[in-house]
Amino acid sequence: MLSSKELMERAGVSRATLNNYIGMGLIPKPVVKQPDASKTKARRLGYFPANTVITLERIKSLKKQGVRMEDIVRKLGGTIETVNDNPAPATKRKAVAKSDNTPSPASSAEITPRGLRLTIENLEHPAYLLNNKFEVEWSNAAAEAEIFGKPNGMPKDIADRNVFSLLFGGLSQQCVDRATLFAFHLEIAKNRMSKANLLTMDPNLDEAQIEELSELYSTVESVSSRQLRDTDITLGDHFAAENRYRLYASFFREGVFFAYNPAEAGEDSLLQILSRRDLVIRDLLRNRKPYVTPLAVLVADLQNSVKICAELPPDEYFELINQIWRRMEPIFRKYHATQGKHVGEGIVYYFFPQAECNYVLNAIECAWEMIIAMQEIDREWQARKNWANSLKLNIGLDEGQEWFGAYQTTTHLELTVLGDAINQAARLSDFARDGAVWVTKSMLSSLSHRERERLEFGIKRRDTDGNEIVVNSTYGRVANLVDLNEPGNLKLQDIAAIPVTEIIDFSTEENA
């Protein structure tokens, strides 16, 4: 049998690759046992059958031929031998390939032949999820106490959860691998944000901490691959066995998940979790506690949706709504939008702070691209139906600092925002007509002068001859723009005194 170190050296693969192949079922799980004391100081090592080298060489050959990993799993999966210390014949287990998006019928505490499977909820050792600004969105009690020095829980405001600031506060200066731990995080952060952005993101960092981060940032290599990464870390001020961990980083669209595994513990259970990305992110989102965060809100409604629904056959109405959603989805992804709670055909999306772009501008630019996309859909249906209807999305935008959390049942998770921003954006969507984008004055005021120059905005009014004109760069209170006593406008009483304006045009960065 070969130790994991010997196997990696002979096959020329990394530990992360080895772990990925174990999770895919391409090679067997190792037997963890006490090694020969004359060969290593490690107290326990993982051992593989000698013929595992042949399997790894075959995988490497198939990859060089351009064969995709899912096809390699199908080709080589079949049955693989499970290593066993007992003299009984080796058992067989089926290797099943699952894509990241394959839903699992199992619950988060799934029953297996060996008992309860380890899940995010019952991880005993430190683990946390960082968003794309490297703020802690979720953490377990072990991470809060042992890594971040917050045994009483994390701050409620997401802006106070910068991971580097928390690491400085939680780790002792005498921590053996303090620099290694920071470097491991910075390698990943470097691909997401510039040094200037990183160093100015948290005002709580002092001059010495900024200098330390700056020096490390300049020395580490940026990590662009989204494969599972790992490193050995010693926490504390000595090399005692209980202080040694293997730290893993797993990548998701929502952020990066970090998990610490004691060096002496078996890796099987943790790697089993990390190999099921769909379950990991589901559990993380479900267990994430509400927090206060700056954000922008976009609410859009299809104008005259009741009338259009009545006129179209049901199958065509569903076709229309699904077409709208499909056309908008890549726009939402482009601007880092998170889907929120919506009713019927309504669209609600949230825009959170990003490392290298302005989330408020993202929301406005997203809204403008939605209007353009809707015009294309309208032309398609006009040609198809030759009808008098116009397909229009009416959009309301607002921003604020609000509570963000989730409503959930055992089978459903719905992200939502509590606060004035969502309510005001929804009312502005009701106020908007004929495919317009309306935004609050406070939201536009949060943009820089250069960013506002990309916008043409103002209030449309009638001149003395009855012609419609635009009074550029002006705002108006809702109460002065419509008659709030009309039955259809009663719901606008909530935003009567709020200064608002309409986005008339938007210049892309290239044309600005």
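Being a predicted model, the structure only gives us computed values, none of them experimental.
- Applying the ring pair (Phe, Tyr, Trp, His ring centres under 6.0 Å) test to residues at least two apart or on different chains, the pairs with a partner in residues 272-307 are Tyr291-Phe404.
- Asn389 and Glu311 are linked by a side-chain donor-acceptor pair at a separation below 3.5 angstrom, with hydrogens and angles left out of the test.
- The shortest distance between side-chain heavy atoms of Leu455 and Asp505 does not fall below 4.5 Å.
- Nearest approach of Ser445 to Arg452, heavy atoms of both residues: O-NH1, 3.7 Å.
- The closest donor-acceptor contact from the side chain of Arg454 to the backbone of Arg450 lies at 3.5 Å or more, if one exists at all.
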| Which is it for Arg433 and Glu502 under the salt bridge (Lys or Arg N to Asp or Glu O under 4.0 Å) test, yes or no, and what are the steps along the way? | CA-CA 11 Å; Arg433 302 304 298 166; Glu502 181 180 351; over 6 Å; no
| request: With side chain to side chain contact (heavy atoms under 4.5 Å, CB included) as the test, would you mind laying out the steps for Asp206 and Phe168 before giving the verdict? | output: CA-CA 10 Å; Asp206 62 33; Phe168 276 121; over 6 Å; no
| message | Determine whether Lys190 and Tyr217 satisfy the following criterion, side chain to side chain contact (heavy atoms under 4.5 Å, CB included), listing intermediate values before the conclusion. | response | CA-CA 7 Å; Lys190 193 169 184 175; Tyr217 186 98; 3.5 Å; yes
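- Asp463 CG: more than 12 foreign heavy atoms inside a 6.0 Å radius.
- Looking at every heavy atom in both residues, Val220 comes nearest to Ala183 through CG1-CB, 3.8 Å.
- To the nearest 0.5 Å, atoms OG1 (Thr416) and CD1 (Ile422) are separated by 6.5 Å.
- Annotation for Glu207: atom CD does not count as buried by contact number, only 12 or fewer foreign heavy atoms lying within 6.0 Å.
- Of the possible polar contacts, one joining the Asp378 side chain to the Leu391 backbone as a donor-acceptor pair under 3.5 Å is found.
- A distance-only check finds a donor-acceptor pair linking the side chain of Asn489 to the backbone of Asp483 [under 3.5 Å].
- Smallest separation of non-hydrogen atoms from Asn362 and Cys357: ND2-SG, 3.4 Å.
- Using a 3.5 Å distance cut-off with no hydrogens or angles, the side chains of Lys441 and Thr501 do not pair a donor with an acceptor.
- Atoms CZ and CD, from Phe332 and Glu369 in turn, are 11.0 Å apart once rounded to the nearest 0.5 Å.
- Below 30°, between 30° and 60°, or above 60°: for Phe258 and Tyr128 the angle between ring planes is below 30°, a parallel geometry.
- The pair Arg288-Glu254 does not count as a salt bridge, with every side-chain nitrogen at least 4.0 angstrom from each carboxylate oxygen.
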| message | Between Ser224 and Asn191, is the side-chain hydrogen bond (donor to acceptor under 3.5 Å, both in side chains) condition met? List the steps. | response | CA-CA 6 Å; Ser224 57; Asn191 189 49; 5.4 Å; no
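- In this structure, the separation between CD1 on Ile459 and CZ on Phe457 is 9.5 Å, given to the nearest 0.5 Å.
- In this structure, the side chain of Arg161 does not engage the main chain of Glu135 through any donor-acceptor pair within 3.5 Å.
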| field | Verdict with reasoning, Lys133 to Glu356, per salt bridge (Lys or Arg N to Asp or Glu O under 4.0 Å) | value | CA-CA 9 Å; Lys133 285 190 67 180; Glu356 297 293 329; over 6 Å; no
| Going through the distances and angles, do Gln323 and Arg327 end up as a side chain to side chain contact (heavy atoms under 4.5 Å, CB included)? | CA-CA 6 Å; Gln323 180 184 1; Arg327 195 71 63 88; 3.2 Å; yes
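- When every heavy atom of Leu393 is checked against every heavy atom of Leu302, the shortest pair comes out as CD2-N, 3.9 Å.
- Checked by atom type, the side-chain pair Asp202/Ser165 shows a donor-acceptor distance below 3.5 Å.
- Separation of atoms CZ (Arg333) and SG (Cys366) is listed at 11.5 Å; rounding is to 0.5 Å.
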| task | Evaluate the criterion salt bridge (Lys or Arg N to Asp or Glu O under 4.0 Å) for residue pair Glu380 and Lys385; output intermediate values, then yes/no. | result | CA-CA 9 Å; Glu380 293 172 16; Lys385 303 299 291 185; over 6 Å; no
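- Considering every non-hydrogen atom in both Trp325 and Gly346, the closest pair reads CZ2-O, 3.7 Å.
- Heavy atoms of other residues, nucleotides or ligands lying less than 6.0 angstrom from CZ of Arg462 number more than 12.
- Two residues are said to be in side-chain contact when any heavy atoms from C-beta on lie closer than 4.5 Å; Leu484 and Val482 meet this criterion.
- When only modelled atom types and interatomic distance are considered, Asp301 and Ser429 share a side-chain donor-acceptor pair under 3.5 Å.
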Which atom pairs, one a donor and one an acceptor, fall under 3.5 Å between side chains of residues 464-481 and the rest of the protein, sequence neighbours left out?
residue, atom, partner, partner atom, Å
Thr474, OG1, Val471, O, 2.7
Arg477, NE, Asn480, OD1, 3.2

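- To the nearest 0.5 Å, atoms CG (Leu167) and CZ (Arg178) are separated by 9.0 Å.
- To the nearest 0.5 Å, the span separating CD on Gln382 from CD1 on Ile377 amounts to 13.0 Å.
- Checked by atom type, the side-chain pair Glu451/Ser448 shows a donor-acceptor distance below 3.5 Å.
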| task | Tell me, with the steps shown, if Lys334 and Glu365 meet salt bridge (Lys or Arg N to Asp or Glu O under 4.0 Å). | result | CA-CA 10 Å; Lys334 177 181 178 181; Glu365 194 160 0; 5.5 Å; no
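- Judged by distance alone, the side chains of Gln424 and Asp494 never bring a donor and an acceptor atom under 3.5 Å apart.
- By the 4.0 Å N-to-carboxylate-O rule, Glu319 lies close enough to Arg384 to be salt-bridged with it.
- Across Leu295, Val348, Thr338, Thr293, a single residue satisfies side chain to side chain contact (heavy atoms under 4.5 Å, CB included) together with Val417, and that is Leu295.
- When every heavy atom of His125 is checked against every heavy atom of Tyr260, the shortest pair comes out as CB-O, 3.3 Å.
- Summarising the local packing, CD of Glu376 is surrounded by more than 12 heavy atoms from other residues, nucleotides or ligands at distances under 6.0 Å.
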| query | Would Val136 and Leu129 satisfy side chain to side chain contact (heavy atoms under 4.5 Å, CB included), going step by step from the backbone distance to the final call? | reply | CA-CA 6 Å; Val136 181; Leu129 175 71; over 6 Å; no
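- Partner of Leu205 under the side chain to side chain contact (heavy atoms under 4.5 Å, CB included) criterion, chosen from Leu199, Leu198, Leu213: Leu213.
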| task | Please lay out, stage by stage, how Tyr349 and Tyr335 fare under the test ring pair (Phe, Tyr, Trp, His ring centres under 6.0 Å). | result | CA-CA 11 Å; Tyr349 271 83; Tyr335 293 105; over 10 Å; no
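- Within 6.0 Å of NZ on Lys195 lie more than 12 heavy atoms contributed by other residues, nucleotides or ligands.
- In this structure the side chain of Ser218 never reaches within 4.5 angstrom of the side chain of Glu215, judged on heavy atoms.
- Side chains of Asn394 and Gln303: a donor-acceptor N/O pair is present below 3.5 angstrom, by distance only.
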With a cut-off of 3.5 Å and sequence neighbours excluded, list every side-chain donor-acceptor pair involving residues 148-159.
residue, atom, partner, partner atom, Å
Asp157, OD1, Ala159, N, 3.0
Asp157, OD2, Gln401, NE2, 3.2

